[in-house]
Amino acid sequence: TGNHLRRRSCNQNRRRMPRLWLLIFAIVGLVLSAESSVKGRGWNDKIDWKSFEEGVAEAKALRKPAMVVIHKSWCGACKNLKPRFAESTEIEKLATNFVMINVLDDEEPSDPAYAPDGGYIPRIIFTNAEGKVQPELKNAARSGQYEYFYPSAGEIVTTMRRAVTSVD
């Protein structure tokens, strides 16, 4: 009878194990999805992204310029730019010179300084170490309209380099 009880106990434990693993995988999945939804959001998870409030505070505290990427989940132009941005090793390298701020949907700042020539999206805005928007740091390939819109990674890299040299 002792063996019989041990076998029944082992069988019950075996039946519980798949449920335990399922619970563990579900928890790990939730943690990973929560992390990725706050960080790169598809704009390169290797970059140390910050929320708007966190990024502005960190830029001021570290006296480091910031690059603010403003985008919307439903925007076609944002969806087109996102993989180009994410795949650019040059953007990834240059990002270490900035506090990188990822602003999605309703997180967009209401301050009109972050929409110097309109509220279109995506926009990439640069700030100095004091948190002041630098309107002169815009896409040199565009003139007069949508000057903070970048259709290619190369154009972003050009402005990032200008921003780095303007700080030095």
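Heads up: numbering here begins at 1 and tracks the sequence.
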Working for salt bridge (Lys or Arg N to Asp or Glu O under 4.0 Å), residues Arg161 and Glu90: CA-CA 10 Å; Arg161 285 185 181 143; Glu90 199 61 29; 3.0 Å; yes
Working for side-chain contact (heavy atoms from CB on, under 4.5 Å), residues Phe52 and Glu107: CA-CA 7 Å; Phe52 182 74; Glu107 301 164 355; 5.6 Å; no
Residue list, side-chain contact (heavy atoms from CB on, under 4.5 Å) with Ala57, at least two apart or on another chain: none
Partners meeting ring pair (Phe, Tyr, Trp, His ring centres under 6.0 Å) with Phe149 (sequence neighbours left out): none
Backbone N/O of Val69 and side chain of Arg123: donor-acceptor pair under 3.5 Å: no
Min side-chain heavy-atom separation Asn139-Pro151 under 4.5 Å: yes
Cluster overlap Ile47 with Ile70, hydrophobic side-chain contacts below 4.5 Å: no
Donor on one side chain, acceptor on other, Glu92 and Asn44, under 3.5 Å: yes
Exceeds 12 heavy-atom contacts within 6.0 angstrom, atom OH of Tyr114: yes
Residues Lys39, Glu54; criterion salt bridge (Lys or Arg N to Asp or Glu O under 4.0 Å); working and verdict: CA-CA 12 Å; Lys39 292 293 181 188; Glu54 182 183 31; 5.4 Å; no
Asp105 side chain to His71 side chain, donor-acceptor N/O pair below 3.5 angstrom: no
Residue pair Phe126 / Val133, side-chain heavy-atom distance below 4.5 Å: no
With sequence neighbours excluded, residues passing side-chain hydrogen bond (donor to acceptor under 3.5 Å, both in side chains) with Lys72: Glu108
Full working for salt bridge (Lys or Arg N to Asp or Glu O under 4.0 Å) between Lys50 and Glu58: CA-CA 9 Å; Lys50 306 293 180 192; Glu58 185 172 310; 3.5 Å; yes
Side-chain touch Pro65/Asn128, heavy atoms, less than 4.5 angstrom: no
side-chain contact (heavy atoms from CB on, under 4.5 Å) against Pro83, all qualifying residues, sequence neighbours excluded: Glu87
Close side-chain approach of Val68 and Phe98, heavy atoms under 4.5 Å: no
Test log, rule side-chain contact (heavy atoms from CB on, under 4.5 Å), inputs Ile91 and Leu94: CA-CA 5 Å; Ile91 288 175; Leu94 286 165; 5.9 Å; no
Results of salt bridge (Lys or Arg N to Asp or Glu O under 4.0 Å) for Glu130 - residues two or more places apart only: Arg63
Pairwise distance CD1(Ile124) to NZ(Lys138) - rounded to 0.5 angstrom: 15.0 Å
Student check: side-chain heavy atoms of Val157 and Ser88 closer than 4.5 Å: yes
Heavy-atom donor-acceptor pair, Glu53 side chain to Ser51 backbone, under 3.5 Å: no
Tyr120 and Tyr148 aromatic centres sub-6.0 Å: no
Side-chain donor or acceptor of Lys64 paired with backbone N/O of Thr96 under 3.5 Å: yes
Side-chain donor or acceptor of Thr165 paired with backbone N/O of Arg162 under 3.5 Å: yes
Under 3.5 Å donor-acceptor, Asp45 side chain and Gly40 backbone: yes
Results of salt bridge (Lys or Arg N to Asp or Glu O under 4.0 Å) for Asp117 - residues two or more places apart only: none
Audit row: Trp74, Lys79, side-chain contact (heavy atoms from CB on, under 4.5 Å) steps and yes/no: CA-CA 8 Å; Trp74 48 263; Lys79 291 176 185 178; 5.5 Å; no
